Each structure stands twice: as C-alpha cells, then as structure tokens.
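Quick notes on the structure that follows.
None of the values given here were measured: they were computed from a predicted structure. Chain letters run A, B, ... following the sequence lines, proteins first and then strands; every chain starts at 1.
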Number of protein chains: 2
Amino acid sequence: MSTERYASPDAETVARVIDEALHAGALVTAEVRCEVEYDGRTSGYLGPGDRLLVAKPDGTVLVHKPANHKPVNWMPAGGTVTASVGDASGEPVVVARRTNPRERVEVRVRETYGLTRFDADDTAEYEESGTEAEMHDYIAANPEEVEEGLRIVEHERETKYGYLDFYASDAEGTPVVIEVKRVQATLTHFDQLKRYMDLFAGDEDDVDGTERAVRGMLVAPSASARVKRACRDAGLEFVALPDFETEAAGTNASLADFE
Amino acid sequence: MSTERYASPDAETVARVIDEALHAGALVTAEVRCEVEYDGRTSGYLGPGDRLLVAKPDGTVLVHKPANHKPVNWMPAGGTVTASVGDASGEPVVVARRTNPRERVEVRVRETYGLTRFDADDTAEYEESGTEAEMHDYIAANPEEVEEGLRIVEHERETKYGYLDFYASDAEGTPVVIEVKRVQATLTHFDQLKRYMDLFAGDEDDVDGTERAVRGMLVAPSASARVKRACRDAGLEFVALPDFETEAAGTNASLADFE
DNA sequence: ACCTTGATTTCGGTT
DNA sequence: AACCGAAGTCAAGGT
C-alpha cells in the first residue's frame, strides 16, 4: 500500500504522521485551513484560508492556494522540517528551516480536512528535447544556417566578463561573437552580448574608423522591436533563426535574416 | 465537508471526480503511478513512477516527483484540463492544454493510490515586506543613505532602452543614473545599468576627456568581485547599501538582513 | 496582447 | 561555497 489516508485527523496524528513520513522518505499532503508566516530573504504573512500543504522528505515544503502555478509559501529542498503540536493552540504547527540563506516557514494549522502519507517510488528521470544546449549543438553542426561561410572557432569560451556562446569567424575571416537564445531575445540577452563585445572595444574600429574588427551576433527565433533597436544602435546584429532541427543535416531552416 | 476522499478509485471515478471538481471550482490531488508527456516550448517524456498530481480549477496542473521544489511537469494557470478514460488502456488520462504558447501536458495514469477533491475557500492575500519596491521607497525617502547631497529627480523613468530605477542629481548637480538591487548584484544587474548608461554615451566625457558628465550607480547590499571589476572597468560606481528600514509605523519586524 | 522586470526565483554546472 | 547563466522560468504591472 503506497498511501495512508486520514480524514479529519487530530493534531497529534497530524504531527506524528508528518514526522514519521518524512523520516521514512515518504511525502505528505494535507488539505488544511492554516495561516503562514515566512521570514528570511523577505518576510511575509498569509492569513487563514484553505490550502494544500505538501512536504517532501528532502525538506521541500509547499503551501498552495486554490489558484496559480506557484506556491504562495515554500521552502526549497535541503532544509529541515518539523511538525509538532503548539503548546498554546493545541493545533499542529509545521516549521521548515534552512541556513544559507537563513529562512523559516511556519504553517499554523487551524483545521485539517485530510492528510495523506505517500510512499512514492520514482526512479525515472525526465528527458527533454529542444533545450538551448541542443540549439548550440545544432549551430555547431550547421553554422551555415546562421550565416553562409561562418566557421565556429570556439564554443563556451570563458572571458573575464563571462562565457561567450560561440566565438566564430565569418567568410572574410572577421571574428564573430555569438550569443544564442532558444526563446525570443530580450534586453538582458542583448546585454549579455554587449558585455562580451565590450571586451573587444579597444579593437572596435578599423584604421579608417568605420568598420568593426569584431562582429557581434544575437541569434534567436525573434526579438522585440526594442531589442532590435538596441542591437542596431550598438552595432550588433540580430539574426532570426526561427527553428532548428536536432536530427541530421536539415535543409528546411531559413538562412540568416538581416533585417 | 471540504474534502472528498477516494482510496484506489477506478478509472471512471478518477476521470469523473477530476472533471466535476475542477468544474465546480475545487482542487484535486491524486497520488498516482503515471507517465507524463510534454509538448510545447520544448518537449519531454517522463517514464513511469509515483508522483503527486495536483489540478486546480484555474487550469493549473502540477506533477511532483518525491523530491525538489519545482514540479517535474506542469501547466500554468489559464489552460484547460480534461480527464478521461483512455480507449485502449482503460486508464485515466489527464490532458492540460493552452495556447500562446501552444503546449500540452498529458498524464497517463497507470495506478491511482488515492484521490482527493478539496473545496478550498481562501480569500486571504499574502502580505510581504522587504521587497525591492520597498527598497525603492526607502531610497526615495532617504537618498542621503546612498550618497550625501543626492537628490532624486525621477523614479522609474522610461527610456528607449528600458526603465531607470532612479534618475538623480548629486551634490554638484551632476546627473546620476541609479540601478537598485535588493540582493547581491550580479553581472546581469551591471549590464542593466550599463545599458541605461549607453543612452548618455555621447555626453560621456568632459572637455578634457577625463570626467563623466553622467554618473552610473549600482546600489545593492553586495557584489561579486567580477561585478565590482566590471563596474570599475566601465566607469560605473558600486554603492554598498547594506540595510534599509521601512518608514511604516507599527512594523516591528526587521527586514532582510543583508551582509 | 506585448513588453519589461522582479523573484524568498530554482536549478545545474563549473571553478 | 560562490558564481554564473538557463528556465517549458512565473507573475505582476504598465502601455
């Protein structure tokens, strides 16, 4: 039996089941009416209401309101969780703490509608495709999809200002710094490229002062108008790479699009 | 009664309870053995294992492994959720979809250990202190804590490159662009300030080419060595503002403890 | 609806 | 342990 279920358990049962379950490596969910206090990186208070409380054996605690993806209060994995019965209130109190940063979540339970211990066995790992790392692989294998004649010189090059996605060379032999984004490019992505480009600021102009000795490219499926303008103003190039394939040498992707 | 609880429900019950609950504005949690498929911004597959499944009436779906803060698969609020019994498998299938972006999560349930409908009533709002917005208020009220003689001219000033936190003026009347961070400053925060500073790039140097006509300040509790170096190299100033207090009367709690 | 930014971001990788 | 950057980031607030 993977679950043990309790309807309207009393305070002692709630505290005991939570402590035992977490200690044994099981997760606990509880439907409760509670109030929550958080103190740490910020501090906050959530007044009484009905919420779903989840505690995992790795120290994770989640308090979910009836809406929204994100928990209203939580503790990430790595902390310690204790459940006890409050001296004054006689009600269950769940406290999750951690250090670095030092923070604390306290859930004061007013009423427990239901409580479930779940001895979950899960060894499967999530496998994902279409990540930025795969887009890197695609570009490394198909640099001509970014620009005809482009040759990758280095991948993930470390500099004193951070890591360049690609350091490349164009058909003319001019160095090209490339920042790749899987999603629509934002100002922070532009910033990143700009920061790397500043490393070459001293070499920026040719003898006649008109041509760049190093090109900077932001490669992404799209970008907002503001991002494009920032690129234009900074002398950087936005290259729309609308799609990428992970298999073989695809020929369906459109070529570099200089607006 | 706020919860209805089912132990080892059959497939029809699972599908029916989920559909009814979500339609009625209740949340559902289920302890299940399942596999999950995601298709959308990326695509992914999670093989069979025991997980906690949560569905909320706003369209949120969460699949939690026994560890970690974040769900392994999910759908944010706003989508539609359907639960049915698979024709071939005879097992429950929960599908969550949304458009913009178009994506889909399919949870194929192999076994349902437990199922709970929770008619949660929660009107309380979370109240938080120590946010960046409060740090802005503090600086607006106490500019001398940043620098003696500093005067705030504008807050949240929009420019073609984004929003300045503060546009100020120092004791000498020199304009100061200020970017504020509640947490330790990182390179991306430096980047942000740098981007805003580029707006004034033409005015950067005095007649003798040594003094800036506009100052740039990154205000945060701390910064990494690399960030400090980047500021130095770019002619920007890092100002450590280790702590801040709110003016609000009656709040005894000390706010974020920076160090 | 899009854009910009903050977030108790979390998480993983590397130094 | 700190730092850096991705994330299916989410969510709020403004235009």
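Spacing between atom CG of B:Asp191 and atom P of C:dG6 amounts to 13 Å, rounded to whole angstrom units. One atom, CD of A:Glu158, and another, C1' of C:dT15, lie 8 Å apart when rounded to the nearest Å. One atom, CG of A:Asn68, and another, P of C:dA7, lie 17 Å apart when rounded to the nearest Å. When the P atom of C:dG6 is taken as reference, atom CG of B:Leu164 falls 12 Å away, rounded to whole Å. Rounded to a whole Å, the NZ atom of A:Lys228 is 14 Å from the C1' atom of C:dC2. Atom P of nucleotide C:dT8 and atom CE of B:Met135 are separated by 15 Å, given to the nearest angstrom. In this structure, B:Arg157 places its CZ atom 15 Å from P of D:dT15, rounding to the nearest Å. Distance, A:His64 NE2 to D:dA11 C1': 14 Å, rounded to whole Å.
Between the side chain of A:Asn68 and the main chain of A:Lys70, no donor-acceptor pair closer than 3.5 Å is present.
You'll find the side chain of B:Arg232 stays beyond 4.5 Å of the side chain of B:Glu237, heavy atoms only.
For A:Arg157, the CZ atom sits in a packed shell: over 12 heavy atoms of surrounding residues, nucleotides or ligands are nearer than 6.0 Å.
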Contact string for nucleotides 1-9 of chain D, one letter per nucleotide 5' to 3', B = base within protein heavy-atom range under 4.0 Å, S = sugar-phosphate only, - = neither, reads -SSSSSSBS
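Every residue meeting the salt bridge (Lys or Arg N to Asp or Glu O under 4.0 Å) condition with A:Lys65, not counting sequence neighbours, appears here in chain and number order: B:Asp122.
Side chains of A:Asp233 and B:Tyr161: a donor on one and an acceptor on the other come within 3.5 Å.
C:dC11 sits 16 Å from D:dA11 when the P atoms are compared, rounded to a whole Å. Distance noted for atom C1' between D:dA6 and D:dC10: 15 Å (whole Å). The same atom, P, is picked in C:dA7 and in D:dA7; the two are 22 Å apart, to the nearest Å. Taking atom C1' on both D:dG14 and C:dT8, the two are 24 Å apart, rounded to the nearest angstrom.
Contact check on B:Glu158 versus A:Arg226 returns a salt bridge, with a Lys/Arg side-chain nitrogen under 4.0 Å from an Asp/Glu carboxylate oxygen.
Separation of the B:Phe166 and B:His136 ring centroids falls under the 6.0 Å cut-off.
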